[in-house]
Amino acid sequence: KTFDDGIAEVREAVDFCRYYAIQARTLQQPMIMPGPTGEVNTLSVEGRGVFVCISPWNFPLAIFTGQVVAALVTGNCVIAKPAEQTCLIAAEACRMLHEAGIPRDVLQLLPGSGGEVGQALVEHWMVDGVLFTGSARAGIAINRKLASDPGKIVALEMGGNNPIVMLDTPKIEDAAATIVQSAFTTAGQRCT
């Protein structure tokens, strides 16, 4: 089963890259907005600056890649801080992104253990945004820290319980198989 989890994770990382590539093409095109007669309004997307991407250990490639690529395609530089247990996977992902053409000055990997590195990054005055996936405790602390700075963007995906909402339309056998898979793949350490 572990092999299947690994294949699924690589596929999810590839899906993130494909999805954000499509989004990048759309975002790069200025959009003419309707306005009063004689007025032309154009909507365009620009990067905010430096984003810190803090990813968890339980999806070491997929979530790491999704966060990093999302920040990059919207025109931002990225400091990627993977979970301490997954630094080698993150290093290989960064190597491949650099090989694909992302400049080293635009994507930096900063591994570290404990919460000190992440906290220092989140609190740094030059950071314009934080993408975080991890524990509710750490996410709430990040949110509280940055709530007083309206100029910073914060996107949090925090762990929690895994409720099941089942409608009456699926076959019970299919629902049971999906529920078991949801609960026990990745050794039960997942939110999906």
Side-chain angles (χ1 to χ4, degrees), residues 1-33 42-83 85-111 118 121 127-134 139 153-160 162 165 170 174 177-179 181-192:
K1 211 52 169 164
T2 303
F3 180 74
D4 292 341
D5 288 347
I7 295 295
E9 180 157 3
V10 170
R11 287 180 176 161
E12 187 174 352
V14 170
D15 286 346
F16 275 129
C17 291
R18 288 180 176 154
Y19 173 78
Y20 286 120
I22 292 166
Q23 294 303 309
R25 288 185 192 105
T26 302
L27 293 171
Q28 290 173 358
Q29 302 300 318
M31 186 172 22
I32 305 299
M33 306 295 290
T42 304
L43 174 66
S44 59
V45 176
E46 295 179 3
R48 296 289 298 255
V50 177
F51 269 63
V52 172
C53 296
I54 303 173
S55 57
W57 60 268
N58 63 335
F59 286 95
L61 180 63
I63 293 176
F64 178 86
T65 302
Q67 288 179 342
V68 167
V69 174
L72 290 173
V73 302
T74 52
N76 299 291
C77 292
V78 172
I79 301 171
K81 165 49 182 100
Q85 302 91 336
T86 61
C87 294
L88 293 177
I89 293 170
E92 184 63 16
C94 284
R95 186 197 64 74
M96 288 188 287
L97 288 166
H98 290 142
E99 186 178 298
I102 304 298
R104 292 185 187 280
D105 291 347
V106 172
L107 171 60
Q108 296 285 318
L109 178 66
L110 186 58
L121 288 170
V127 169
D128 299 292
V130 175
L131 304 179
F132 170 83
T133 301
I153 293 175
V154 181
L156 307 169
E157 178 187 352
M158 298 181 285
N162 189 9
V165 177
D174 293 339
T178 301
I179 291 167
Q181 179 183 12
S182 173
F184 296 108
T185 50
T186 318
Q189 302 296 316
R190 62 184 339 175
C191 55
T192 55

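- From Leu97, atom CG reaches atom CG of Leu72 across 7.0 Å, with rounding to the nearest 0.5 Å.
- Counting heavy atoms from C-beta on, the side chains of Met33 and Thr42 never come closer than 4.5 Å.
- By the 4.5 Å heavy-atom criterion applied to side chains, Asp128 and Asn76 are not counted as neighbours.
- Nearest approach of Pro56 to Ala83, heavy atoms of both residues: C-CB, 3.7 Å.
- Atoms CD1 and CG, from Ile54 and Leu121 in turn, are 6.5 Å apart once rounded to the nearest 0.5 Å.
- Counting non-hydrogen atoms of other residues, nucleotides and ligands closer than 6.0 Å to CZ of Arg95 gives a total above 12.
- How far NZ of Lys81 is from CZ of Phe64: 10.5 Å, rounded to the nearest 0.5 Å.
- Atom CG in Asp105 sits 8.0 Å away from atom SG in Cys77 (nearest 0.5 Å).
- A 4.5 Å side-chain heavy-atom check between Leu131 and Phe51 finds at least one atom pair inside the cut-off.
- Taking Arg104 as the reference, His98 meet the side chain to side chain donor-acceptor pair (under 3.5 Å) condition, with sequence neighbours excluded.
- Considering CD1 of Ile63 and OG of Ser55, their distance stands at 7.5 Å, rounded to 0.5 Å.
- The shortest heavy-atom contact between Val78 and Ala71 is CG2-CB, 3.5 Å.
- Side-chain atoms of Cys17 and Thr65, non-hydrogen and from C-beta on, do get closer than 4.5 Å to each other.
- Residues Phe16 and Val69 are not in side-chain contact: their nearest non-hydrogen atoms beyond the backbone lie 4.5 Å or more apart.
- When all heavy atoms are compared, the tightest approach of Pro60 to Glu9 is N-OE2, 2.9 Å.
- Separating the CD atom in Gln67 from the CD atom in Glu157 is a distance of 8.0 Å, to the nearest 0.5 Å.
- The side-chain heavy atoms of Val50 and Ile79, taken from C-beta on, include a pair separated by under 4.5 Å.
- For Leu107 against Ala80, the heavy-atom pair with the smallest separation is CD1-CB, 4.4 Å.
- Side-chain contact between Trp57 and Pro82 is absent, with no heavy atoms from C-beta onward closer than 4.5 Å.
- Considering only heavy atoms from C-beta on, Thr74 comes within 4.5 Å of Leu27 through its side chain.
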